[in-house]
Amino acid sequence: MVGQFRSYIWDPVLIISQILLMQAIYYSSLGLWIALVDSLVQNNPSLDQMFNYDILGFSSLSGRLSIMAFILNALTCAIGLLYFIRRGKQCLDFTVTMHIFHLFGCCIYNSHFPATLTWWLVNTVCIALMAVIGEYLCMRTELNEIPLSSAPKSNV
């Protein structure tokens, strides 16, 4: 493997720590977005807005605000992918892993599997947004020029 550009070394400790970091970013930023959005309409934030399937819906104001918080959170987590994952090829993997853990958390919180179409739709849109924007941001940084020398350029 000597001589390969960006050779990949299997490091399970790094991968697990990145997963835990992205989960922490996901739930902390989601909590902040829910608190911010709820403060606009003087509503009290609760864990139901994060984990309850029935809250997400287009028929009520709190449901629409929760959907907006989830979409804003996808954009925030895409920036987290840029700063902590830094590889465009891994953005989809980490995004799906985060949402699978969120699915497990929702199943434990509600004691049953999600059955609402809105919950699945919102999470699918968030996965797509987070993965695509995260990959775009990471690819832009991967395509930056690599400086070959630290000496200043001379005008010849």
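Computation of the quantities below employed the complete heavy-atom set of this structure, encompassing side-chain atoms and omitting hydrogens, waters and symmetry-equivalent molecules. As the structure is a prediction and not an experimental result, all values here were calculated from the model.
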Closest approach of [X] to [Y] (non-hydrogen atoms, all atoms of both residues):
{"X": "G63", "Y": "S60", "answer": "N-OG, 3.1 Å"}
{"X": "S29", "Y": "T76", "answer": "CB-CG2, 3.8 Å"}
{"X": "G88", "Y": "M139", "answer": "CA-SD, 4.3 Å"}
{"X": "C91", "Y": "E135", "answer": "CB-CG, 3.6 Å"}
{"X": "A78", "Y": "G134", "answer": "CB-N, 3.8 Å"}
{"X": "T97", "Y": "Q23", "answer": "O-OE1, 4.1 Å"}

Check your understanding: So W33 and L65, side chain to side chain contact (heavy atoms under 4.5 Å, CB included) or not? Walk me through it.
Key -> CA-CA 10 Å; W33 281 118; L65 291 175; over 6 Å; no

Taking [X] for the side chain and [Y] for the main chain, is one N or O donor matched with an acceptor at less than 3.5 Å?
{"X": "N73", "Y": "L30", "answer": "yes"}
{"X": "Q18", "Y": "F84", "answer": "yes"}
{"X": "W119", "Y": "N52", "answer": "no"}
{"X": "Q49", "Y": "I34", "answer": "no"}
{"X": "H102", "Y": "I100", "answer": "no"}
{"X": "S111", "Y": "C107", "answer": "no"}

Check your understanding: Stepwise, does the side chain to side chain contact (heavy atoms under 4.5 Å, CB included) test hold for D38 with N44?
Key -> CA-CA 6 Å; D38 282 345; N44 292 327; over 6 Å; no

Practice item. With sequence neighbours excluded, tell me which residues meet side-chain contact (heavy atoms from CB on, under 4.5 Å) with T118. Key: L56, F58, I67, V122

**Study point:** Neighbour count above 12 (heavy atom, 6.0 Å) for R140 CZ
**Key:** no

Separation between [atom1] of [X] and [atom2] of [Y], rounded to the nearest 0.5 Å:
{"X": "L129", "Y": "I71", "atom1": "CG", "atom2": "CD1", "answer": "6.5 Å"}
{"X": "N110", "Y": "D54", "atom1": "CG", "atom2": "CG", "answer": "7.0 Å"}
{"X": "L61", "Y": "S66", "atom1": "CG", "atom2": "OG", "answer": "9.5 Å"}
{"X": "C126", "Y": "L72", "atom1": "SG", "atom2": "CG", "answer": "9.5 Å"}
{"X": "L81", "Y": "T95", "atom1": "CG", "atom2": "OG1", "answer": "4.5 Å"}
{"X": "I85", "Y": "M22", "atom1": "CD1", "atom2": "CE", "answer": "5.5 Å"}

Exercise for review: Tell me who clusters with V132, hydrophobic residues only, linked when side chains sit under 4.5 Å apart either directly or through other members.
Suggested key: none

Point to revise | Parallel, tilted or perpendicular, as decided by the 30° and 60° cut-offs, for the rings of H99 and Y26 | key: perpendicular

Review point. In terms of ring plane angle, is the pair Y53 and H112 parallel, tilted or perpendicular, where the classes change at 30° and 60°?
Key: perpendicular

Review point. Does the ring center of Y27 lie less than 6.0 Å from the ring center of F51?
Key: yes

Exercise for review: Treat each ILVMFWY residue as a node, draw an edge where side-chain heavy atoms are under 4.5 Å apart, and state whether F94 and F104 are in one component.
Suggested key: yes

Point to revise | Heavy-atom check, side chain of R86 versus side chain of T141, under 4.5 Å | key: no

Practice item. Decide yes or no for F70 and V125: does some side-chain heavy atom of the first lie under 4.5 Å from some side-chain heavy atom of the second? Key: no

Exercise for review: Apply side chain to side chain contact (heavy atoms under 4.5 Å, CB included) to Y109 and D48, showing your working.
Suggested key: CA-CA 9 Å; Y109 186 81; D48 282 344; 2.5 Å; yes

Review point. Can you check side chain to side chain contact (heavy atoms under 4.5 Å, CB included) on W10 and I15, steps first, answer last?
Key: CA-CA 9 Å; W10 173 251; I15 294 170; 3.6 Å; yes

